[in-house]
2 protein chains.
Amino acid sequence: MIRILLADDEHLIRGAMAALLSLEEDLEVVAHAATGAEALAMARSFRPDVAVIDLQMPDLDGVSVAQTLALELPSCSTMIVTSHGRPGHLKRALAAGVRGFLPKTVSSDVLATVVRTVHKGGRYVDPALAAEAISAGDSPLTPREADVLELALEGAPVDEIARRASLSPGTVRNYLSSAVGKTGTSNRHEAARWARAKGWI
Amino acid sequence: MIRILLADDEHLIRGAMAALLSLEEDLEVVAHAATGAEALAMARSFRPDVAVIDLQMPDLDGVSVAQTLALELPSCSTMIVTSHGRPGHLKRALAAGVRGFLPKTVSSDVLATVVRTVHKGGRYVDPALAAEAISAGDSPLTPREADVLELALEGAPVDEIARRASLSPGTVRNYLSSAVGKTGTSNRHEAARWARAKGWI
DNA sequence: AGAAAGCCATGACAGATGTCATGTCGGCTG
DNA sequence: CAGCCGACATGACATCTGTCATGGCTTTCT
């Protein structure tokens with residue numbers, strides 16, 4: 001019997017996935033969590049065999065949870081399930097020791113299969129996502145450029161970005177300009193949207 | 001036996017919700033759809049009692065589907081399930097004849113209950129969402145302002161917005177300016193984000 | 001040690017943007 | 001009918017942005 005921890009902030013989805021997994025003879029959902037912190041707490045007390053974690057959650061994101069889990073509970077294999085599969089996320093997830101990475105668009109029996117695969121020590125990454133990640137390559141952005149772009153994402157004016165990043169406005173404009181150049185976009189907002197689509201910020 | 005049509009672009013979620021609903025004695029999922037168009041086609045051939053539809057789908061959104069369904073298949077009650085419950089969406093949905101509106105954060109047994117409620121001719125709107133919708137009030141944006149803001153959402157420069165909206169650049173700037181004023185934000189990008197958060201564009 | 005690359009900053013300039021005053025036109029309403 | 005409002009437009013102005021040149025400072029690799 002494979003013991004599973006389910007973490008997803010959407011209660012309905014979590015319940016539905018639990019129902020789905022429970023239909024399988026050899027799978028058992030032993031713990032639920034609605035946030036990253038809760039997932040960690042649950043994992044510590046229930047010590048599941050496999051953790052199925054949603055990428056986007058209110059507090060910690062799935063990758064951070066996976067990272068901690070890999071250190072604290074090496075016996076537990078982690079897999080990520082997400083609605084928005086971006087190349088950058090996949091890379092970060094694999095670097096964090098995640099064994100499975102699935103978009104929520106996969107058919108429902110794949111989930112059970114992958115749970116078994118990662119439990120046996122295998123890995124599984126959605127082929128479409130893997131292809132995307134490979135073709136997307138690495139982020140061309142320097143860390144600072146990424147920081148600044150992230151702040152620009154909310155539409156803040158340069159001065160505010162400068163304050164929040166503790167930089168001078170001129171420097172911020174330089175970073176934005178260089179990010180715009182690297183992304184081949186025509187203004188910072190497009191650049192920011194582009195970077196988010198790739199999962200780089 | 002209540003016959004249900006399930007529409008959600010995320011295969012996994014759809015399967016999971018189907019598993020969940022099938023646990024109930026009196027519910028039966030008779031059709032699946034991954035897109036809005038598919039949902040309509042399925043509804044026409046299977047004539048379900050209740051349609052459970054995700055708000056965001058690749059082609060038509062849930063509200064459009066509900067609208068068509070209400071005209072073509074009055075015997076079928078429609079309910080919307082969504083990850084991002086914005087006040088504006090709720091209003092549009094109710095105007096389209098939707099009988100139930102739930103965020104995916106509700107607990108899983110609520111879903112079955114609401115399916116039964118709308119099937120009996122009742123209505124159910126998530127209380128938290130309803131409160132938000134009431135407090136948010138109506139959109140202060142004129143139709144044109146909303147159009148222009150929608151185009152601004154992608155970070156396009158004024159000239160492009162003007163071309164796409166068949167307006168003069170000056171007029172576009174006026175609309176954006178007035179939208180910024182109405183929303184109490186400090187630039188068009190914040191205004192656009194704000195309008196989207198409210199579900200007004 | 002020297003080169004390369006990232007990080008931070010300044011200043012200048014053109015072009016884009018936000019704001020305001022002002023005006024036309026058509027539809028709705030009292 | 002007169003008045004109001006929304007849609008559309010123009011021109012002018014101040015400010016914000018994007019770009020470029022330039023320079024200093026630190027870290028890393030060779």
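Just so it is clear: chains get the letters A, B, ... in the order the sequence lines come, proteins before strands, and each one is counted from 1. Keep in mind the model is a prediction, meaning the values are calculated, not measured.
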Any residue in residues 187-201 of chain B with a heavy atom nearer than 4.0 angstrom to DNA chain D? Just list them by number, or reply none.
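Nothing qualifies; none.
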Presence of salt bridge, [Y] and [X], under 4.0 angstrom:
| X | Y | answer |
| --- | --- | --- |
| B:E24 | B:R116 | yes |
| B:K104 | B:D54 | yes |
| A:E145 | A:K182 | yes |
| A:R44 | A:E72 | yes |
| B:R164 | B:E160 | yes |

Using a cut-off of strictly less than 4.0 Å between a heavy atom of the residue and any atom of DNA chain C, enumerate the qualifying residues of residues 140-148 of chain B by number.
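Heavy-atom contacts with DNA chain C come from no residue of residues 140-148 of chain B; none.
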Those residues of residues 149-165 of chain A lying under 4.0 Å from DNA chain C by at least one heavy atom
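Contacting residues: none.
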For [X] and [Y], test the side chains for any donor-to-acceptor distance below 3.5 angstrom and give the result as yes or no.
| X | Y | value |
| --- | --- | --- |
| A:S83 | B:E10 | yes |
| A:S22 | A:E28 | no |
| A:T183 | A:E190 | no |
| A:S64 | A:D61 | yes |

Test: ring-ring contact (aromatic ring centres under 6.0 Å, His included). Region: residues 77-104 of chain A. Which pairs qualify, not counting sequence neighbours?
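Every pair satisfying ring-ring contact (aromatic ring centres under 6.0 Å, His included) with a residue in residues 77-104 of chain A: there are none.
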Side chain to side chain contact (heavy atoms under 4.5 Å, CB included) partner of B:M79, the single match among B:I53, B:V125, B:T117, B:L111
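It is B:L111, the one option of B:I53, B:V125, B:T117, B:L111 that forms the side chain to side chain contact (heavy atoms under 4.5 Å, CB included) with B:M79.
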Of A:I161, A:V180, A:L176, which meets side chain to side chain contact (heavy atoms under 4.5 Å, CB included) against A:L149?
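That would be A:L176; it is the only one of A:I161, A:V180, A:L176 passing the side chain to side chain contact (heavy atoms under 4.5 Å, CB included) with A:L149.
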Could you list the protein-to-nucleotides 9-12 of chain C atom pairs, N/O on both sides, closer than 3.5 Å?
from, atom 1, to, atom 2, distance (Å)
C:dA9, OP2, A:S168, N, 2.9
C:dA9, N6, A:N174, ND2, 3.1
C:dT10, OP2, A:S168, OG, 3.3
C:dT10, O4, A:N174, ND2, 3.0

Would you tabulate the pairs of protein nitrogen or oxygen atoms and nucleotide nitrogen or oxygen atoms of nucleotides 25-30 of chain D closer than 3.5 angstrom?
none

[Y] backbone acceptor or donor facing [X] side chain under 3.5 Å:
| X | Y | value |
| --- | --- | --- |
| B:D8 | B:H11 | no |
| B:R196 | B:L153 | no |
| B:D126 | B:P103 | no |

Phosphate contact (D:dC8 OP1 or OP2) by B:Y175 side-chain N/O below 4.0 Å
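Affirmative; the distance criterion is met.
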Is B:S177 close enough to C:dG18 that one of its side-chain N or O atoms is under 4.0 Å from OP1 or OP2 there?
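The answer is no; no side-chain N or O of B:S177 sits under 4.0 Å from OP1 or OP2.
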Atom pair distance, as rounded to whole Å: NZ in A:K182 and P in D:dG18:
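Taking NZ of A:K182 and P of D:dG18, I get 16 Å after rounding.
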